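Okay, so here's the structure we're looking at.
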Amino acid sequence: MKEDIIFNLKQVHHRIEKACQDSGRDVSDVQLLLATKTVPADKIQIAVEAGENLIGENKMQELRDKDAELKNLNINRHFIGHLQTNKVKDVLKYVSCIQSLDRLSLAEELHKQLQKEGRNIDVFVQVNTSFEESKFGLPPADVIPFIKEIKKYDTLKIKGLMTIGLLDVEKEKMRPSLRLLREIRDKIYEAKIENLTDLKLSMGMSQDLELAVAEGSNLVRVGTSIFGNRFLGKEIWNENIAE
Ligand SMILES: *Cc1c(COP(=O)(O)O)cnc(C)c1O
């Protein structure tokens, strides 16, 4: 098990490096986040001992269950799943970044809680660039107004945009949903919104990380290629079910 994880991690880093080379990008511009939903803490620990430090979890329950084993490790945890407003307070105990900010009511609730605690948090705005009903995220056209609106919440540090791309067996069908996230970022730059000059793109998973890097990803979120398959059959990309 340990050897497998270490081997897989090397493979994934090779894939990222190769994708960077192929698109003339600097490998230091692309970070790897381990998507660890359903992965037990001991396996995560193996990856951390191998040098990883960025973990993404989708559920409050899993953050809590794994916390005892993980909290003393030198890691950063991000929340990458759909976040219900009533879980905000609990999730904030564990994470340094919310990558799934997708609605005003959530921004409001986060701000309220963060103000109480006297702290800030990093956020990524989740965008539904594949236009699939099974995914959360703002419609692309709503992103700029949304960002303008949440600028008033000074506890939320807007770090970038996140998407779950369209997954398909045909590679080129996956590219448009990744490219679109980059185009939305460019539009945000063009809109010259105060202080938003360095936005990162969180996109790319086991199946599409090469394409995502080619389209400008700064943060790939990889689970299966490192820890193996989670689910048998089923529609794994229905975020409603994953919830
Ligand atoms: C599970 C998950 C990933 C990783 O997907 P894999 O196909 O296992 O690499 C990335 N992003 C999010 C939001 C996820 O929930």
Side-chain angles (χ1 to χ4, degrees), residues 4-5 7-16 19 30-41 43-44 47 52 54-63 66 76-84 87 91 94-103 106 122-130 132-138 159-171 173-175 177-178 180-181 200-213 215 217-243:
D4 289 342
I5 292 172
F7 176 81
N8 291 345
L9 271 172
K10 282 201 185 122
Q11 297 280 97
V12 167
H13 281 291
H14 279 309
R15 287 174 62 190
I16 296 170
V30 184
Q31 264 190 297
L32 172 63
L33 173 141
L34 310 181
T36 54
K37 57 176 175 276
T38 77
V39 178
K43 288 195 179 182
I44 299 173
E52 302 303 324
L54 194 54
I55 310 287
E57 286 286 357
N58 295 60
K59 289 185 184 174
M60 208 285 290
Q61 187 71 36
E62 286 198 55
L63 279 168
K66 299 174 201 175
N76 251 319
R77 278 171 286 186
H78 288 191
F79 197 78
I80 63 173
H82 182 61
L83 180 51
Q84 290 169 270
K87 303 248 169 86
V91 163
Y94 306 103
V95 303
S96 63
C97 177
I98 306 284
Q99 290 204 15
S100 44
L101 180 58
D102 62 352
R103 60 199 191 278
L106 178 59
D122 292 345
V123 295
F124 282 69
V125 174
Q126 184 177 354
V127 189
N128 186 344
T129 58
S130 66
E132 293 167 289
E133 272 180 32
S134 59
K135 303 212 177 106
F136 290 98
L138 289 158
K159 293 291 171 184
L161 306 175
M162 185 273 257
T163 195
I164 299 167
L166 178 82
L167 297 181
D168 198 282
V169 285
E170 269 181 70
K171 269 198 167 226
K173 285 198 179 155
M174 300 195 278
R175 193 187 290 272
S177 63
L178 302 166
L180 181 54
L181 198 70
K200 306 294 183 199
L201 301 179
S202 172
M203 59 186 189
M205 308 185 298
S206 293
Q207 280 189 57
D208 62 351
L209 77 84
E210 284 85 357
L211 281 169
V213 169
E215 292 299 333
S217 175
N218 303 107
L219 189 57
V220 292
R221 310 176 308 267
V222 181
T224 309
S225 288
I226 297 167
F227 299 108
N229 280 323
R230 292 176 298 270
F231 305 108
L232 300 169
K234 270 223 181 149
E235 199 187 351
I236 65 168
W237 274 113
N238 191 328
E239 279 202 290
N240 295 291
I241 293 175
E243 169 71 18

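Each ligand, and each atom within it, is numbered from 1 in the order the structure gives. Keep in mind that this is a model prediction, so the values were computed, not measured.
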Chi angles and distances behind the side chain to side chain contact (heavy atoms under 4.5 Å, CB included) call for V220, L33: CA-CA 6 Å; V220 292; L33 173 141; over 6 Å; no
Would you mind running through ligand 1 and noting each atom that sits below 4.0 Å from a heavy atom of [X]?
X: V222; value: 9 (O)
X: N58; value: 14 (C), 15 (O)
X: T224; value: 6 (P), 7 (O), 8 (O), 9 (O)
X: K37; value: 1 (C), 2 (C), 3 (C), 14 (C), 15 (O)

Trace of the salt bridge (Lys or Arg N to Asp or Glu O under 4.0 Å) decision for E132 with K135: CA-CA 6 Å; E132 293 167 289; K135 303 212 177 106; 2.3 Å; yes
Contact partition for I80 relative to ligand 1, non-hydrogen atoms under 4.0 Å: both
Donor-acceptor contact present, side-chain T163 to main-chain V127, <3.5 Å: yes
N218 side chain vs K200 backbone, donor-acceptor pair below 3.5 Å: no
Atom pair CG/CG of L167 and D208 - distance to nearest 0.5 Å: 5.5 Å
Rounded distance [0.5 Å steps], CD in E62 versus CZ in F79: 9.5 Å
Ligand 1 contacted by Q207 (non-hydrogen, < 4.0 Å): no
R230 touching ligand 1 at heavy-atom level, < 4.0 angstrom: yes
Contact (N/O only, under 3.5 Å) between G223 and ligand 1: yes
Test of proximity, R221 against ligand 1: N or O pairs below 3.5 Å: yes
Sidechain N-carboxylate O distance under 4.0 Å for E215, R175: yes
Option whose closest heavy atom lies nearest to atom 9 (O) of ligand 1, chosen from S206, G204, S202: S206
